[in-house]
S.K.: 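My structure is below; once you've seen it, I'll send some questions.
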Amino acid sequence: MSSFDDSDAFEAASSQSLSARAMAARPMPHLDGLNPAQRAAVEALEGPVLMLAGAGTGKTRALTARIAHLLQTGTARPNEILAVTFTNKAAREMKLRVAALMRQPVEGMPWLGTFHAICVKLLRRHAELAGLKSNFTILDTDDQVRLMKQLILAEEIDEKRWPARQLAGIIDGWKNRALTPDKVPAADAGAFNRRGIDLYAQYQQRLRELNAVDFGDLLLHMIAIFQAHTDLLQQYQRWFRYILVDEYQDTNVAQYLWLRLLAAGHSNICVVGDDDQSIYGWRGAEVGNILRFEKDFPGAQVLRLEQNYRSTGHILAAASGVIAGNKGRLGKTLWTEGEDGKKVHLIGHWDGEEEARWIGEEIEAMTRGTRGMDPISPDGMAILVRASHQMRAFEDRFLTIGLPYRVIGGPRFYERMEIRDAMAYFRVVVSPDDDLAFERIVNTPKRGLGDKAQATMQKLARSNGVSLLEGARLAAETGAIGGKGGKELKALLDGLARWRDLMLGGLRPVTPGAADDDLLVEEDRPAAERLSHIELAERILDESGYTAMWQADKTPEAPGRLENLKELVKALESFENLQGFLEHVSLIMDNEQEDGEPKVTLMTLHAAKGLEFPAVFLPGWEDGLFPSQRAMDEEGMKGLEEERRLAYVGITRAERVCTISFAGNRRVYGQWQSQMPSRFIDELPEDHVEVLTPPGLYGHGGGMGASASPVADLMRGSDLHAAAARADVYNSPGWKRLQANQARPGLRQPAEARHMTVDAEAVSAFALDDRVFHQKFGYGTVVSVEGDKLGVDFDKAGAKHVLGRFLVAAGAAGDVPF
DNA sequence: TTTAGCATGCGAGAT
DNA sequence: GCATGCTAAA
């Protein structure tokens, strides 16, 4: 608590408060142009407020205006507002937009940030109350797993049965639900039984010994501190007079508890979110938090933002139609004053490659202007996929046709191996007792220090109660590690000591095992006498042999890695020292740089939340892929509803044109599979959908489309996707005749029932022992007939289940052009 | 200690 | 199909 005295944050801007008179005279530009609902949300400052903001309804605008309003009216000072976001990007953007609204830089706002950044700040102040030193390190997922692996190994548990990564994930889940080891229900340990809980407890113990926390701990420690020290909690309740939370539907239990503690005094808590866009259940988000808000905070005002400024009428209607299939939502009706625009486009393809080819062509056409629309720049187009491996087909295709694209959410800069290695070097220099970092670099590059040598270091460190680095020093000095490895180890240790010495300015001799606290007095030394941290970083990478390691590497990715290292050094420029940089990196992960060329964006549906594009492509709408089979298997109805919200998020990203597509065949893990159109396609309201027929596909592959597919589709009675499939390649005279002979069932069936109600007639074209041909699998013999699903023993590809629609009778003259 | 070769398993990914 | 991570052999 003593740390309050030297607090920057609470001092800032606390000198004068704005008088009511000043406020009356002040213009309120931040209110300009708000619609009535937004304005109500901005002006309802007191008490709990739930701002239910549908997609594209100007949520961020209202939220920032609300902050501006709090400030402009003098209701709160910048340091009295606690504004929480999930991502650093969102926090940054909010700061910028508030500043723009205020027409002046917003100094202060020290408490606008992510849950984690704010908790780091708080926890550094009160670390001792959690049994930590204020310079604790923050472990990322990789460190966590490595630590867990050590524990599992020490326990002599079969690592195969209980992989460290999986256990780390389970512990993460517990932390998301605010469950400390003593609170985990025994039944919850799952396959790990009590053992998992024991390991969790041990893991926490190790973290304490390492003076480290993981992301989940940041919240949990603060909750524990607040619960144990009510006086402290009350101070913060008084300080944070107004609380704002963005994306409330994404909060987990721990975040919810933390907020509830802080808001308990005044209840001036305004949460903003959209239950229909809750898509992060798998990482602990609880839709329940937003659904329950009115109960949690009695007297809450619920304000709905429903006027959409992004999408056309047809797109909104299609999205609404899909999301209406969900139960347990608060309910909103999006509307627009804009025009209906284009109907949502729907198209079926033969396989994934063809889907990619068609979308590539469609993008080129749209760039020029097509389907009666003005040209759209590739910058305004996005392809949103369910799973990142779907991106490959598009990347391949776009590379061949030379269509520029960018991928969002690939492996992140700071997650790449070389960057993590380099940063581990920095970490050891900054904190010599960062065992995990030392472990990472001790044999990178190879120094002849394998498992055996490292075990020796570990043992010495343990038995002497010192850091791993000290253990290594002991091992080297006592000759416990000798030979080539010992020599190399000495060189590394000398290097580390030298670099640390350089960092500290070389004024003070570095005693072995010097505490990190040295850093706290760094300011005492004249800057001129210190080597710049950038030069230092370069020297570390050179002298350690790390750069040389990649220069010697002949694999194709080596040059890229060296390039990345250069970028890393460049990134150091905006920081004062290595420690500041490491701090930043542990919390922030993003790196996007752009040249000016217009590019199509390729990303996952998850990554697209909050973004908008004039033209959006939604490929891969096939049951099992989207909705994901795994989501449905593991979470049942709950999982399906989250997938449906994902569909809703996808459609509502589109401003002017939204194109949904599916493929009949797809290679999944190297195996060809026939795919069923997504049940979400059946849920699209037909009046707002236009089924496209791709030109230029006729004659493609000759008879490959000559399957019974239209028949099967029609018999299944699914209107839209049948039409889409029919409009595709299946256009031979043969099946037009078949279509004409088939009566269409009038009623659409519920999606769930669809798979059950297969009409045997539809596939009567094939019988047991028939010889058939399949585009991908080749020739085979029918071994089973189950509705429209056939078991076929292919001559080359083996036994498979395929839909009759993708088979041709072999031997029928003219049917088999291959 | 390093490496080649085989088994395994696979969804979204902020902090 | 591919990346990861282990075992066996050099």
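Below, all heavy atoms of this structure are taken into account, side chains as well, without hydrogens, waters or symmetry copies. Letters go in sequence order (proteins before strands), and every chain restarts at 1.
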S.K.: Measure from CD on A/Gln166 to C1' on B/dG9 and round the result to the nearest Å.
M.R.: 12 Å
S.K.: From C-beta outward on A/Thr604, which listed nucleotide comes closest to its side chain: B/dG13, B/dT15, B/dT2?
M.R.: B/dG13
S.K.: Categorize A/Asn443 for me: base, sugar-phosphate, or nothing, with a 4.0 angstrom heavy-atom threshold over every strand shown.
M.R.: sugar-phosphate
S.K.: Nearest nucleotide by nearest heavy atom, which residue falls closer to the 5' end of DNA chain B, A/Lys446 or A/Arg283?
M.R.: A/Lys446
S.K.: Counting just side-chain N and O atoms, does A/Ser388 come under 4.0 Å of either OP1 or OP2 of B/dA12?
M.R.: yes
S.K.: Please state how far atom NZ in A/Lys149 lies from atom C1' in C/dC6, giving the value in whole angstrom units.
M.R.: 10 Å
S.K.: To the nearest angstrom, how far is A/Glu634 atom CD from B/dG9 atom P?
M.R.: 15 Å
S.K.: Taking for each residue the nucleotide of DNA chain B bearing the nearest heavy atom, is the 5' side occupied by A/Arg630 or by A/Gln255?
M.R.: A/Arg630
S.K.: What integer distance in Å separates A/Arg386:CZ from B/dA12:P?
M.R.: 7 Å
S.K.: How would you label the contact of A/Leu625 with the nucleic acid (heavy atoms, under 4.0 Å): base, sugar-phosphate, or nothing?
M.R.: nothing
S.K.: Is A/Arg283 salt-bridged to A/Asp250, cutoff N-O under 4.0 Å?
M.R.: no
S.K.: Which is true for A/Ala631 with a 4.0 Å heavy-atom rule: it touches a base, it touches only sugar-phosphate, or it touches nothing?
M.R.: base
S.K.: Is the distance from OP1 or OP2 of B/dT15 to the nearest side-chain N or O of A/Asn88 less than 4.0 Å?
M.R.: yes
S.K.: Tell me the interatomic distance from A/Gln249, atom CD, to B/dA14, atom P, rounded to whole angstroms.
M.R.: 16 Å
S.K.: Give A/Arg392 one of three labels, base, sugar-phosphate or nothing, depending on what nucleic acid heavy atoms sit under 4.0 Å from its own.
M.R.: sugar-phosphate
S.K.: Looking at A/Leu132, is its backbone amide N or carbonyl O close enough to the side chain of A/Asn211 to form a donor-acceptor pair, meaning the two atoms are under 3.5 Å apart?
M.R.: no
S.K.: Between B/dA14, B/dA12, C/dC6, which one does the side chain of A/Thr87 approach most closely?
M.R.: B/dA14
S.K.: Of the candidate nucleotides B/dA12, B/dT15, B/dG11, which contains the atom at the shortest distance from the side chain of A/His116?
M.R.: B/dT15
S.K.: Whether the side chain of A/Asn443 engages the backbone of A/Lys446 through a donor-acceptor N/O pair (distance < 3.5 Å, no angle test) should be reported.
M.R.: no
S.K.: Touch check for A/Gln144, heavy atoms < 4.0 angstrom, all strands: base, sugar-phosphate only, or nothing?
M.R.: nothing
S.K.: Check the distance between B/dG11's C1' and A/Met603's CE and give it to me in whole angstrom.
M.R.: 18 Å
S.K.: To the nearest Å, give me how far apart CZ (A/Phe115) and C1' (B/dT15) are.
M.R.: 11 Å
S.K.: Do A/Glu683 and A/Arg644 sit within salt-bridge range, that is, some charged N less than 4.0 Å from a carboxylate O?
M.R.: yes
S.K.: At under 4.0 Å between heavy atoms, what does A/Tyr669 touch on the DNA or RNA strands: base, sugar-phosphate, or nothing?
M.R.: base
S.K.: State plainly whether the residues A/Arg645 and A/Asp276 are in salt-bridge range, i.e. N to O under 4.0 Å.
M.R.: no
S.K.: Kindly state whether the pair A/Tyr280 / B/dA14 counts as stacked, where counting means centroids closer than 5.5 Å and planes tilted less than 30° apart.
M.R.: no
S.K.: Whole angstrom is fine here: how far is it from CZ in A/Arg645 over to P in B/dG11?
M.R.: 21 Å
S.K.: Select one nucleotide: of B/dG11, B/dG13, B/dT15, the one nearest the side-chain heavy atoms of A/Trp282.
M.R.: B/dG13
S.K.: If the threshold is 4.0 Å, N to carboxylate O, is there a salt bridge linking A/Glu643 and A/Lys638?
M.R.: no
